[in-house]
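Just below is one structure, and these are the notes that go with it.
In what follows, chains carry the letters A, B, and so on, assigned in the order in which the sequence lines appear, proteins first and then strands, with residues in each chain numbered from 1.
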Number of protein chains: 2
Amino acid sequence: MAIQKSSAPTIIDVAERAGVSRATASRAMGGYGRIAAQTVEQVRRAAAELGYRPNEVARAMRQGRTRTIGLVIIADFTNAFFDRATKAIVDAAKSHGYQVLITNTDEDIAAERQAIETLIDKQVDGLIVVPSTAAVHDHLATVQKSGKPLVLFDRRVDGIVATTITTDDFSGTEAAVRHAYAMGHRRFGFLVAAAGNYGHSTERPAVMISSVEDRINGFMSGCADLGIKPKQQSWMFCEDNARDPEIAVAKLLDQPKAPTIILTTNNDMALVLLKTAGNRRLVIGKDISLITVDDSQWAAAMAPGITVVARPVEDLGSITVEKLLAEIDAPGQKAEKIVLPTELIARGSVANLVMYPENEPENY
Amino acid sequence: MAIQKSSAPTIIDVAERAGVSRATASRAMGGYGRIAAQTVEQVRRAAAELGYRPNEVARAMRQGRTRTIGLVIIADFTNAFFDRATKAIVDAAKSHGYQVLITNTDEDIAAERQAIETLIDKQVDGLIVVPSTAAVHDHLATVQKSGKPLVLFDRRVDGIVATTITTDDFSGTEAAVRHAYAMGHRRFGFLVAAAGNYGHSTERPAVMISSVEDRINGFMSGCADLGIKPKQQSWMFCEDNARDPEIAVAKLLDQPKAPTIILTTNNDMALVLLKTAGNRRLVIGKDISLITVDDSQWAAAMAPGITVVARPVEDLGSITVEKLLAEIDAPGQKAEKIVLPTELIARGSVANLVMYPENEPENY
DNA sequence: GAGATTTGCGAGAACGTTCTCACAAATCTT
DNA sequence: AAGATTTGTGAGAACGTTCTCGCAAATCTC
């Protein structure tokens, strides 16, 4: 009768049962160093009989790496973007033998700071961070000083030299403007989600998230190219909370010469517009048009479907992991700025106005 | 000039700088054992000067616990349910000083097995599992034999004695049937997502997920109570993939006496119905009615809003964490089956037919 | 003020692994 | 067949903590 051990078997138990030393048992299990094939067999059998599984914490301790990466992200459920990114990152990491420790920051810089500290304390081998703001980056510098590889996801931070994977939101938004123009739209509403205490206003806040900045610049560039004048544009900056977006949408719609199309920089805004339109008996794609960002099943399934600027989330996630692991395996890689293309998916939410001559730019 | 250490400072460096022993430094940092207040101060200062942060891996090694829990979940982006649950779990864990290692199984039992093994190897202090099927549970038994606390999330597994947190999907679906009946509906379609290779058929598959089982039973119970006869019910079981749901929806709609309302057991199915309805120029809430499961921003924002059976995801997540941590802190807790209530949120997707007498049950 | 208790601290083991080194046995050279 | 090399193994250190113990100094007790 085998004696019942209270806790899990260790390599020492395996070594004893196989009649070899700890070192040899470890070599046999780890498949490294010089060791006789027969011994490996013997140790493996002993391990199997005992149900031995190596203790990864002890291993991490000795080897100085945990095969774990830390992900500091914002959770946003309106928008499957970060959820899909999370999945892509988790899956990609797994396929390389890494696990992921996740922390959610809710766009809060203090939470981000704390999350990063905790993950470093837990000795993750590298960090993927979605920075909640471009304004603060001393904590990111601290990561780098600690020697941990760091990759920024979806948002650039100036002042930090780190590999950054983003999407081409500039061109994406430009394309959206162009599409709307081609469909005959001449009065544009632009609804910009701006984190920070801005309430809702037409005044552009100073510091923002790079992806949002890119969308703003893309919008301006598109308008400039097509000769869409400032008076044909209604901008609205709006905090992404429960109250302000409704007010912002109402302001856009209640203008004397209301826009025929509204572009939004995130799906919260788009959904508020949808809701408001529904309440006012305005039909999307007919009475009011909409283009938003990020494709989703609901955007595709609605009638009419919502025209979106889609981002390659899965690629974004897997490339991010690959870059991070490359830096982990061989520190000192050159920091890259990788920008993946966006794609305009035209659906029915943009009305075709080309037959209405009163919308021609001449009238402005 | 201080000598630049290549790697992070350890407790030994702190001890040296403070002029005390390793043990004393550790006591000062950890705030345990007998130690003079003045010494604590001295050590703290030395630690701060060096930027010392305790190595959590070493700590885990010594203490035999990692303050990390493992989450084995399925990622499902149609449906924010599991994403919101993930966030709730991550946040709740953090508030108790725990971090979360996440693995996604994609409903695959082999992936689930492997994920559990990996997480145990990583010495998580406990596991939260969304079992991909109720049919297999030897791997869950293995977890328990390992002595790791285990809590099941959202789905019951018979044959395993473990605390299980679920929602009352039975009553939720029953309430949905009752609501539809009250609105005058007498011909019910029931679209059931069934994992496994069932394609699309009216034949009920054998083994399923408990939440889906509950919905089926709730539907049957509701129909029985209200006297809705089998010929007034059209059932369709359907694999949740890219092809079959469309066929299943078409089959439901193409019947000679098509249902006036369709209940779906998940949002994939609901979105396919929405899409098909749109293509056929059927207006939701007028030509065809719909009730699905889980509230979401899009369900609320659409025009008309979608009537749903909502589940208290955040509570589900935080209670799950609390139960798991209770078991971690004091092993040997009694396994509980916790069932949280659901809530029917009535919106416009259910047409009011009470004025159409031809739909009265007499006609059947 | 002598014994009993409390206080504060250090030495060293322990957690489970891997890695370096040394060394004997086996095999290869010429 | 004697030296050189290769092969296989074990002893012991190391990773960075915490914890148990023991002991001296300080304080209490009557």
Side-chain angles (χ1 to χ4, degrees), chain A residues 5-44 46-47 50-68 118 120-125 146-147, chain B residues 5-44 46-47 50-68 118 120-125 146-147:
Chain A
K5 288 272 297 196
S6 56
S7 58
T10 71
I11 194 76
I12 298 184
D13 302 317
V14 175
E16 268 172 18
R17 175 171 261 258
V20 297
S21 73
R22 220 162 65 258
T24 301
S26 183
R27 272 189 285 257
M29 295 307 295
Y32 65 93
R34 295 196 197 300
I35 189 162
Q38 194 198 336
T39 313
V40 172
E41 169 64 18
Q42 202 175 315
V43 172
R44 286 270 164 82
L50 291 171
Y52 169 76
R53 308 231 84 214
N55 180 325
E56 291 295 333
V57 169
R59 197 175 236 177
M61 172 83 170
R62 173 69 236 225
Q63 299 190 324
R65 82 195 143 141
T66 53
R67 292 209 175 276
T68 302
T118 306
I120 291 183
D121 290 352
K122 291 242 172 186
Q123 309 293 120
V124 295
D125 294 341
S146 83
Chain B
K5 286 273 296 196
S6 56
S7 57
T10 71
I11 193 79
I12 298 185
D13 301 317
V14 174
E16 268 172 18
R17 175 172 262 257
V20 297
S21 73
R22 222 164 61 258
T24 302
S26 183
R27 270 189 286 256
M29 295 308 294
Y32 65 93
R34 292 195 199 302
I35 187 161
Q38 193 198 337
T39 313
V40 171
E41 169 63 18
Q42 202 174 316
V43 172
R44 287 270 163 83
L50 291 170
Y52 169 77
R53 306 231 86 215
N55 180 324
E56 291 294 334
V57 169
R59 197 175 235 178
M61 172 82 171
R62 173 68 237 225
Q63 299 189 323
R65 83 194 143 144
T66 52
R67 292 210 174 277
T68 303
T118 306
I120 291 183
D121 290 352
K122 291 242 172 185
Q123 310 294 121
V124 294
D125 294 340
S146 84

Atom pair CD1/CE of B:Ile11 and B:Met29 - distance to nearest 0.5 Å: 6.0 Å

List the residues meeting side chain to side chain contact (heavy atoms under 4.5 Å, CB included) with B:Thr10, not counting sequence neighbours, and say none if there are none. B:Ile12, B:Asp13

Distances for protein N/O vs nucleotides 5-8 of chain D N/O pairs under 3.5 angstrom?
from: D:dT7; atom 1: OP2; to: A:Arg34; atom 2: NH1; distance (Å): 3.4

Rounded to whole angstrom units, what separation is found between the CD atom of B:Glu16 and the P atom of C:dG10? 13 Å

What residues form a side-chain hydrogen bond (donor to acceptor under 3.5 Å, both in side chains) with A:Ser146, not counting sequence neighbours? none

Whole angstrom value for the distance that separates P of D:dG16 from CZ of A:Arg65: 16 Å

Whole-Å distance between C:dT17 P and B:Asp121 CG? 10 Å

Quickly work out the B:Arg53 CZ to D:dT17 C1' distance and round it to whole Å. 15 Å

What integer distance in Å separates B:Ile12:CD1 from D:dT17:P? 8 Å

Side chain to side chain donor-acceptor pair (under 3.5 Å): pairs with one or both residues in residues 30-40 of chain B, sequence neighbours excluded: B:Ser26-B:Tyr32

Residue pair A:Arg53 / B:Ile120, side-chain heavy-atom distance below 4.5 Å: no

Looking across every strand, which nucleic acid part, if any, lies under 4.0 Å from B:Val57 by heavy atom: base, sugar-phosphate, or nothing? nothing

With a 4.0 Å cutoff (strictly under), does any side-chain N or O of B:Thr10 reach OP1 or OP2 of D:dG16? no

The criterion is side-chain hydrogen bond (donor to acceptor under 3.5 Å, both in side chains); which residues satisfy it with B:Glu41, sequence neighbours excluded? B:Arg45

Produce a footprint string for nucleotides 18-27 of chain D: one letter per nucleotide, 5' end first; B if the base is under 4.0 Å from any protein heavy atom, S if only the sugar-phosphate is, - if neither. BBB-------

Side-chain touch B:Arg17/B:Leu50, heavy atoms, less than 4.5 angstrom: yes

Only counting residues at least two apart or in another chain, list the ones meeting side-chain hydrogen bond (donor to acceptor under 3.5 Å, both in side chains) with B:Asn55. none

Tell me the interatomic distance from A:Met61, atom CE, to C:dG16, atom C1', rounded to whole angstroms. 9 Å

Show every donor-acceptor pair shorter than 3.5 Å between a side-chain atom in residues 57-65 of chain A and any protein atom, with sequence neighbours excluded, or say none if there are none.
from: A:Arg59; atom 1: NH1; to: A:Glu56; atom 2: OE2; distance (Å): 3.0

